[in-house]
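Written below as structure tokens is the structure these notes are about.
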Amino acid sequence: MPDCIVVGCGFVGSVAARHMAERDFKVLVLERRNHIAGNMYDYKRDNGILIHKYGPHTFHTNNKKLYDYVNKFDTWFNYRLKCMVNIDGILTPSPFNFQTIDDFFEPSAAEQIKLSIMTEYKGFTEMPVTNLLTDKNPLIREFAGFLFEKDYRLYTSKQWGIPPEEIDVSVLKRVPVRFSYETGYFNDKYQIMPEHGYTHFFSNLLDHPNISVKLNTDAKKYLRVDTESGKAIFNDAPAEMPIIFTGAVDELLDYKFGILPYRSLRFELKDIPVDSYQPAPIVAYPQEKEFTRITEYKKLPDQKVKGSTTIAVEYPVQYEPGSGTEQYYPIPTESNQKKYEEYRNALANIKNIFLCGRLAEYKYYNMDQVLERALELCSILDTVYGLS
Ligand code: FAD
């Protein structure tokens, strides 16, 4: 009989399982899918290329504690992701930078735009496109307007399934334009990939005599959650046994307050008999009608395979429970957040269930952010159960 249940074998579930196992709990991890590693799962195709099943993943953080944590369980190496965008058939860096100005403007106009930016934004390395769209200088506005019409508006509309004319510039706050020729996608201090892949890293993380993992198992079948009496019970185990839940809260409570909506993705995988398909691991196609980007896994990271490559074409689709689509991006509207709060409030008086992770918190987290949440959860578990 276990004395701690973990629902979900993704990043949060695996970190929490390891933590409890190291504190002498017999941990049973239940995972609905047929593999460990959650959305970070990777595997080798027949052509020998390692791919990420749920979309391209690069670990990046400024937090040394998180960097040290992942390095305890496997070897990681430095990897700086480079992305490009195809506009009018021309490949330009993403985030957009001074090269983009050179790519789309006549040389003299390009020089003037760059000079205006360097003068006006002295001391800044980048700025959201929204700031540039309202700049007092018409040259800078023209450049930003070009990017908005040819990329941001189209890409965002496709990604979220909203007509282009309804895209509000305020949703683009986070996407910067670089004021240099710097081409790395992320700015973080630590940008790394696991030497043997994410699944291998997870095998090491879960490799502890106190951890058992049961795949192809929906925890819902074994969990009884009674919000009235404040009890969450796994099978016939004692009611106080800790249950760490990293699945979706609306599923957990049988959608009693309605479905929490998500945007999903469909990946079309193609093995192609060429050495190289595109010049960067990820290329975005804002002007294509159906798909948003193409990932060439052979370059994420560089893999020494001759005569073949594998690409994933990424199509944004609506998430529908039970249809085989995955919950990828929560849709952060006020009414969805309210609905989520209803679920959390209903579960608030159940003291032995701990909700954590992108699904349980209905929040988009990068891997470093979700690892931080998992480590916070570990401290909470230590406090609640008097562990150290
Ligand atoms: P998950 O990894 O989803 O784990 C939850 C697990 O619980 C799943 O395996 C699920 O099957 C299981 N589960 C759910 N319900 C049940 C149930 N009832 N019974 C049993 N099991 C259940 N982050 C980065 O930092 N860098 C990137 O480059 C990056 N790229 C991304 C690309 C895409 C397309 C997406 C969508 C996300 C990306 N992320 C990236 C984010 C990253 O995937 C997440 O931060 C991370 O996977 C979240 O971990 P988690 O443990 O919360 O969830």
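Along the sequence shown, the residues carry numbers beginning at 1. Ligands are counted one by one from 1 in listed order, and the atoms in each one are counted from 1 as well.
Salt bridge annotation for Glu251-Lys220: absent, with no cationic side-chain nitrogen under 4.0 angstrom from a carboxylate oxygen. Classification of Glu22 and Arg18 as a salt-bridged pair holds, one side-chain N sitting under 4.0 Å from a carboxylate O.
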Run the side chain to side chain donor-acceptor pair (under 3.5 Å) check on Arg263 and Gln318 step by step: do they pass? CA-CA 5 Å; Arg263 197 73 178 142; Gln318 213 47 45; 2.4 Å; yes
Intermediate values then yes/no, side chain to side chain contact (heavy atoms under 4.5 Å, CB included), Val85 and Val283: CA-CA 5 Å; Val85 182; Val283 176; over 6 Å; no
Verdict with reasoning, Phe202 to Phe11, per side chain to side chain contact (heavy atoms under 4.5 Å, CB included): CA-CA 8 Å; Phe202 274 84; Phe11 212 2; 3.9 Å; yes
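One option in His57, Met40, Met367 has a heavy atom closer to atom 43 (O) of ligand 1 than any other, and that option is His57.
Side chains of Thr309 and Glu296: a donor on one and an acceptor on the other come within 3.5 Å. Between the side chains of Asp103 and Thr92, at least one donor-acceptor pair of N or O atoms lies under 3.5 Å.
Taking atom 22 (C) of ligand 1 as the reference point, the nearest protein heavy-atom neighbour is Arg32 CB, 3.9 Å. Of the protein's heavy atoms, Tyr365 O, 3.4 Å lies nearest to atom 44 (C) of ligand 1. In terms of protein heavy atoms, atom 10 (C) of ligand 1 is closest to Glu31 OE2, 3.5 Å. Atom 7 (O) of ligand 1 has its closest protein heavy atom at Gly8 CA, 3.2 Å.
Among the atoms of Glu314, none of the N or O lies under 3.5 angstrom from an N or O of ligand 1. For ligand 1, none of its N or O atoms has an N or O atom of Glu251 under 3.5 Å away. For ligand 1, the polar-atom distance check against Phe11 finds a nitrogen or oxygen pair separated by under 3.5 Å. At a 3.5 angstrom cut-off on N or O pairs, Tyr328 does not count as close to ligand 1. The distance criterion of under 3.5 Å between nitrogen or oxygen atoms is not met by Phe267 with respect to ligand 1. Residue Ala248 has no nitrogen or oxygen atom sitting less than 3.5 Å from a nitrogen or oxygen atom of ligand 1, judged on distance alone.
Remark: ligand 1 atoms within the under-4.0 Å shell around heavy atoms of Gly357 are 52 (O). Set against the non-hydrogen atoms of Tyr54, the atoms of ligand 1 under 4.0 Å away are 33 (C), 34 (C). Residue Thr58 approaches ligand 1 through these ligand atoms, each under 4.0 Å from one of its heavy atoms: 24 (C), 25 (O), 26 (N), 27 (C), 28 (O). Atoms of ligand 1 found under 4.0 Å from any heavy atom of Ala219 (numbered from 1 in listed order, with element): 17 (C), 18 (N), 19 (N), 20 (C).
With sequence neighbours left out, the salt bridge (charged side-chain N to carboxylate O under 4.0 Å, His left out) criterion links Lys351 to no other residue.
Residue-ligand proximity: Tyr364 is placed with a non-hydrogen atom under 4.0 Å from ligand 1. Ligand 1 does not have Phe59 within reach: every non-hydrogen atom of the residue lies 4.0 Å or more from it. Thr217 counts as a contact of ligand 1, since one of its heavy atoms falls under 4.0 Å from the ligand.
The only member of Pro281, Pro93, Pro95 that meets side chain to side chain contact (heavy atoms under 4.5 Å, CB included) when paired with Tyr185 is Pro95.
Residue pairs meeting the side chain to side chain donor-acceptor pair (under 3.5 Å) criterion with at least one partner in residues 278-289, sequence neighbours excluded, are Asp88-Gln287.
With a 4.0 Å cut-off on non-hydrogen atoms, Pro56 touches ligand 1 through its backbone and not its side chain. With a heavy-atom cut-off of 4.0 Å, Val370 touches ligand 1 through its side chain alone.
A donor-acceptor pair is defined here as one N or O able to donate and one able to accept, closer than 3.5 Å; such a pair exists between the side chain of Gln303 and the backbone of Tyr297. The backbone N or O of Phe73 lies less than 3.5 Å from a partner atom in the side chain of Asn204, making a donor-acceptor pair.
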